[in-house]
Amino acid sequence: MRLYDSLTQEKRDFVPRDGDHVTMYFCGPTVYNYVHLGNARPFVLSLVAKRFFQSVGWKVTLVENITDIDDRIINKAQKEGRTAREVAEEFAAAYIEDTNRLGLGRPDIEPCATEHVSEIVALIERLIANGHAYAVANGDVYYKVESFGAYGKLSKQRIEEMQHGARVTPGEEKDSPLDFALWKAAKPGEPSWSSPWGQGRPGWHIECSAMGLKYLGEGFDIHGGGRDLIFPHHENEIAQSEGALGGDFVRFWVHNGMLNTRDEKMSKSIGNIFLLREALKEYRPETLICFFVSSHYRSPIEFSADSLAEAGQQVERLRNVFRALVDYQGPSVADAPGDAELTAAVEKYRGAHREAMADDLNTGGALGEVFALAREVNAALAAKTVSEAAVEQARQALSDMVYVLGLDAVTRTAQEVPAEVLVLAEARARARAERKFAEADRLRDEIAAAGFEVRDVPDGFRVVPRE
RNA sequence: GGCGCCGUGGCCGAGUGGCUGAGGCACGGGUCUGCAAAACCCGUUACACCGGUUCGAUUCCGGUCGGCGCCUCCA
C-alpha cells in the first residue's frame with residue numbers, strides 16, 4: 001500500500017502502526033447548517049478507504065468528529081432566538097440522516113466536542129504546563145505559536161510570512177497575532193463549561209486534537225479532511241498535539257481536493273453550495289458516489305449536471321451487468337469452453353483493481369478495471385460459453401470490487417416489479433409471439449408509463465425500472 | 001507577494017521513459033432484434049507551450065503561459 005502524505009509531500013509505503021489495525025481520523029462537520037456536496041467528499045473518501053483496508057484484511061477504526069460548539073453555531077442560534085444546543089442537535093441529526101442515505105455505513109466513532117470538554121481542558125492544561133499556551137486575564141487561553149518550532153510544517157508557511165495576514169479581533173489579549181484560541185471565555189448568554197480559567201468553551205481546532213488522541217492515541221495512522229483544512233486547522237492540531245505529547249501526532253496526512261462549481265470552490269461563504277440533501281432528491285446515492293470515486297481524491301473535481309449525468313450512466317451500466325449476471329442460464333457442465341478465459345479475466349481485473357486502490361487509493365483507476373471486467377463478462381454471457389459456476393465466481397468478484405468503491409447499490413437489482421406491470425409484460429410477450437406488434441408496442445408504452453422498461457432478452461423479457 | 005496542486009483525445013478521466021496510448025460518456029458504423037432497449041465488435045490525428053537530459057519524453061529537469069487551492073470562516 002502506498003499513500004500520499006501531505007506533510008512530506010510524497011507517496012510512501014503505508015503499513016498500519018498496530019500490525020493489522022488501521023487508525024484513522026477524518027474531520028467531520030461543524031453543525032451549524034446542512035452539509036453540502038463538498039462536505040460529502042471526505043466522508044465518502046474515508047469510508048471507501050475503510051472498505052479497501054478491510055478488503056486487504058486490516059481492521060479499521062475510523063473516527064469522525066462532530067463539532068457541536070463553535071462561534072458559527074452560537075451566531076446562528078442568537079440570530080434565530082434558539083439555544084446553541086438546539087441548533088447543533090438539529091444539524092447533527094440532519095448530517096447523520098443525509099450521510100446515512102449514501103449507504104456507506106458510518107464511521108466507528110463520531111464524537112461530539114461538547115462531550116469531551118474534560119479531555120479538552122486536560123490537554124490545554126498540559127500545553128500550559130509545557131509552556132505552549134497561556135491564559136490571559138479575561139479567561140481566554142491561547143496557543144503560543146512561537147513556542148512550537150515546527151509550526152508551519154504542514155502548510156509550508158513561514159511564521160515570518162504569516163505575521164502580515166494574521167488578524168486580531170478587538171478585545172483579544174494575544175501575545176502575538178498568530179496565537180490562536182484554545183479556550184474562549186464565555187460572554188453573557190453564551191453556552192459555557194467550567195474550567196480552571198473560568199466559564200468558557202473550547203476554541204476551534206482543540207477538539208480534534210483531544211478526540212483524536214483519546215480514541216486513536218499518539219501517532220495514529222491517518223488524519224484526513226479537505227485540503228482547505230491544512231491551514232489553519234490541521235497546522236494547529238499538529239501544534240497542539242505535538243506540543244502536548246512531544247512525539248508525532250499523525251503518520252499520514254490525507255487531504256482531498258476541492259469540489260468546484262464553474263472553476264470555483266463550493267463553499268458556504270461563496271454561497272454556491274449544493275446541499276447533499278438537495279442532491280439526493282435529484283440523484284441516486286450511488287450516482288453521487290460514482291461521481292466522487294471516478295476521479296482521484298486529491299484532484300479538484302468540477303460539479304455539473306453533465307458530470308452527474310455521466311456518473312448516472314456509469315451506474316446504470318454497472319447495474320445492467322449485474323442484471324445480466326443474475327439472469328444468466330448457461331451450460332451447467334463443470335468446464336464450459338469459455339470458463340478458463342473468464343476466470344483469467346476475473347483474476348486479472350480483480351488484481352488490477354486491488355493494485356490501483358493500493359496505489360494511493362486510485363479509485364478512478366479501480367473503477368476502470370471494474371468496467372473492463374464488466375465488458376468481458378457481458379461478452380462471455382452473450383456468447384453463452386461459460387458455466388453458471390464460473391459466472392457466479394465473476395459476479396462475486398465484480399461485487400467485491402464495486403463494494404470497495406462504495407457502489408454496492410448496483411448489485412441490488414432484484415427490484416420489485418409490481419404484479420400489474422408483470423401482467424402487462426406477459427401480455428406483450430404473448431402479443432409478440434402472435435406477431436401482433438402494434439399491440440405489443442402499445443403494451444410497452446403502458447409499461448413505460450408505469451415507470452418501467454421492458455427489454456427482450458434471449459429467453460424472454462426483463463423488466464427494469466426506468467431511470 | 002509567499003506556499004501548494006494541476007494542465008491527457010468531442011467531454012470526463014486513469015496511466016507510463018520506448019513494445020504504444022485504461023476505462024466511461026457522447027458521436028458514427030456494424031452484429032443481434034418485428035421495432036426498441038440492453039449487450040458485443042469497429043472507428044474518432046491525446047498528452048498546454050518552449051528549451052534541456054536521453055538512442056528515445058506525454059512521462060525526468062528548467063522556464064513560459066493558463067487554471068485551482070491556502071496564507072487564521074471553509075471539507
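Each chain gets a letter, A, B and so on, in the order the sequences are listed, and its residues count up from 1.
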Q: Check whether any side-chain heavy atom of A:Phe43 lies under 4.5 Å from a side-chain heavy atom of A:Leu276, and answer yes or no.
A: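 Not touching, per the 4.5 Å side-chain cut-off.
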Q: What does A:Arg428 touch in the nucleic acid at a heavy-atom separation under 4.0 angstrom: a base, only the sugar-phosphate, or nothing?
A: base
Q: Check the distance between B:A37's P and A:Arg455's CZ and give it to me in whole angstrom.
A: 11 Å
Q: Between atom CD1 in A:Ile159 and atom P in B:U72, what is the gap in whole Å?
A: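 In whole Å, B:U72 P and A:Ile159 CD1 are 14 Å from each other.
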Q: Mind calculating the distance between CZ (A:Arg298) and C1' (B:C68) to the nearest angstrom?
A: 15 Å
Q: Please give, in whole Å, the distance from B:C32 C1' to A:Arg462 CZ?
A: 19 Å
Q: For A:Lys348, does the NZ atom sit with more than 12 other heavy atoms under 6.0 Å from it, leaving out its own atoms?
A: no
Q: Using the ring of each side chain (for Trp, its six-membered ring), is A:His223 parallel, tilted or perpendicular to A:His234, with breaks at 30° and 60°?
A: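 Answer is perpendicular, since the angle exceeds 60°.
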Q: Looking at every strand, decide which applies to A:Gly225 at a 4.0 Å heavy-atom threshold: base, sugar-phosphate, or nothing.
A: sugar-phosphate
Q: Please work out which of the three classes, parallel, tilted or perpendicular, describes the rings of A:Phe274 and A:Tyr283, given edges at 30° and 60°.
A: perpendicular
Q: Does the structure show a Watson-Crick or G-U wobble partner for B:G43, both distances under 3.5 Å? Name it, or say none.
A: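 The answer is B:C27, by the H-bond criterion.
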Q: Mind checking whether A:Leu275 and A:Val35 have side chains closer than 4.5 Å, heavy atoms only?
A: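 No, every pair of side-chain atoms sits at 4.5 Å or beyond.
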Q: Show me the protein contacts with nucleotides 22-24 of chain B, counting only N or O atoms at under 3.5 Å.
A:
| unit_1 | atom_1 | unit_2 | atom_2 | d |
| --- | --- | --- | --- | --- |
| B:G23 | OP1 | A:Arg375 | NH1 | 3.3 |
| B:G24 | O2' | A:Gln314 | NE2 | 2.6 |
| B:G24 | N2 | A:Glu310 | OE1 | 3.0 |
| B:G24 | N2 | A:Glu310 | OE2 | 2.6 |
| B:G24 | N3 | A:Glu310 | OE2 | 2.9 |

Q: Please work out if A:Asp456 contacts a base, only the sugar-phosphate, or nothing of the nucleic acid, heavy-atom cut-off 4.0 Å.
A: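 Answer is base: heavy atoms of A:Asp456 come under 4.0 Å of a base.
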Q: In terms of relative ring orientation, are A:Tyr134 and A:Tyr142 parallel, tilted or perpendicular, with 30° and 60° separating the classes?
A: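 Tilted: the ring planes of A:Tyr134 and A:Tyr142 meet at 30° to 60°.
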Q: Within the structure shown, what part of the strands sits under 4.0 Å from A:Val454 by heavy-atom distance: base, sugar-phosphate, or nothing?
A: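 Contact class for A:Val454: base.
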Q: Angle class for the A:Phe291/A:Phe303 ring planes (parallel below 30°, perpendicular above 60°, tilted otherwise)?
A: perpendicular
Q: I need the NZ-C1' distance between A:Lys174 and B:U72, as an integer number of Å.
A: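 Rounded to the whole Å, the gap is 7 Å.
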Q: What is the separation between atom CG on A:Asn256 and atom P on B:C6, rounded to the nearest whole Å?
A: 15 Å
